[in-house]
Amino acid sequence: MVNLFSSFSVPQISTVARRTVLASIGVGVVALVLGVVTGYPLVGLGVCLGLSMALVNFRLISRATVKAAGSEQENKRRPLVFNTLGRLGVISVIALGITFFVEPLGFGTLVGLAVFQFSLLGNVVVAMLRNPLMGDTTMGTPLVDKEDA
């Protein structure tokens with residue numbers, strides 16, 4: 001699995017991040033407008049809150065990964081895993097706590113968190129499909145060699 005992502009270049013990773021952020025901003029604006037129009041402004045606000053929490057988490061993961069890569073420690077994965085699990089725990093407690101006290105806001109937050117993850121996954125898949133080093137490298141090449149024709 002790690003070898004799969006090692007063929008991504010830095011520009012591809014930044015493109016995935018940029019597209020995910022732009023998609024999140026677009027979804028947040030649409031959710032807020034739809035929430036206000038349909039009479040559920042707290043749901044729209046919750047979606048924006050969930051997307052914001054996911055964006056902050058994504059940024060912190062990126063920063064922690066860079067820090068771990070530059071670390072002199074032998075086992076670089078362990079601190080990264082504990083750091084990530086801690087952040088996910090905090091985000092889960094916040095989202096579930098909001099859901100317990102203000103249901104529409106909490107459910108919107110959960111939806112925002114989920115939408116961000118699906119957006120990130122979709123952007124990674126698109127980048128992988130566009131990368132010629134992934135999967136079948138013969139896609140898009142002619143079946144007959146020009147010299148043989």
Side-chain angles (χ1 to χ4, degrees), residues 1-140:
M1 184 72 150
V2 173
N3 291 336
L4 184 68
F5 291 114
S6 65
S7 62
F8 272 133
S9 66
V10 173
Q12 288 172 319
I13 293 171
S14 66
T15 300
V16 167
R18 188 177 322 111
R19 285 183 183 161
T20 303
V21 169
L22 291 175
S24 296
I25 290 170
V27 168
V29 168
V30 169
L32 198 55
V33 169
L34 284 176
V36 169
V37 169
T38 59
Y40 295 99
L42 288 179
V43 174
L45 185 63
V47 170
C48 291
L49 180 62
L51 289 167
S52 299
M53 288 171 40
L55 282 168
V56 168
N57 183 45
F58 183 65
R59 180 70 180 143
L60 291 173
I61 287 172
S62 300
R63 185 177 295 163
T65 304
V66 168
K67 184 179 175 183
S71 173
E72 297 295 326
Q73 291 182 356
E74 198 172 300
N75 187 359
K76 296 179 182 184
R77 290 183 186 179
R78 186 178 201 129
L80 192 60
V81 167
F82 284 123
N83 192 355
T84 301
L85 286 175
R87 269 194 317 278
L88 288 176
V90 168
I91 288 172
S92 298
V93 167
I94 291 171
L96 293 174
I98 293 171
T99 304
F100 181 74
F101 290 109
V102 185
E103 285 183 16
L105 185 65
F107 283 121
T109 302
L110 294 173
V111 167
L113 289 167
V115 164
F116 180 86
Q117 295 303 319
F118 282 116
S119 174
L120 179 61
L121 179 65
N123 284 315
V124 168
V125 168
V126 167
M128 289 173 70
L129 291 174
R130 289 184 178 171
N131 188 351
L133 300 176
M134 302 273 180
D136 185 14
T137 57
T138 62
M139 288 180 55

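Side-chain atoms are counted along with the backbone in the values below, which use heavy atoms only and exclude waters and symmetry mates.
Residues V125 and L129 have side chains in contact (heavy-atom distance under 4.5 Å, counting atoms from C-beta outward). Counting only heavy atoms from C-beta outward, the side chains of F116 and L55 approach each other to under 4.5 Å. Two residues are said to be in side-chain contact when any heavy atoms from C-beta on lie closer than 4.5 Å; N57 and L113 fail this criterion. V56 is not listed as a side-chain neighbour of R87, based on a closest heavy-atom distance of 4.5 Å or more.
The CG atom of L110 sits 10.0 Å away from atom CG of L49, with the distance rounded to the nearest 0.5 Å. Separating the CG atom in N123 from the CZ atom in R18 is a distance of 11.0 Å, to the nearest 0.5 Å. Annotation: the span from R19 atom CZ to S14 atom OG amounts to 10.0 Å, rounded to 0.5 Å. Rounded to the nearest 0.5 Å, atoms CG (L45) and CG (L105) are 5.5 Å apart. A distance of 11.5 Å separates OG1 of T99 from CD1 of I94, quoted to the nearest 0.5 Å.
Smallest separation of non-hydrogen atoms from V16 and A127: CG2-CB, 3.6 Å. Taking each heavy atom of G112 and L51 in turn, the nearest pair found is O-CD2, 3.3 Å.
Atom OH of Y40 has 12 or fewer neighbouring heavy atoms from other residues, nucleotides or ligands inside a 6.0 Å radius.
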All N/O donor-acceptor pairs, side-chain side in residues 23-37, below 3.5 Å, sequence neighbours left out:
from: S24; atom 1: OG; to: T20; atom 2: O; distance (Å): 2.9

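Judged purely by atom type and a 3.5 angstrom limit, S119 has no side-chain atom pairing as donor or acceptor with the backbone of V115.
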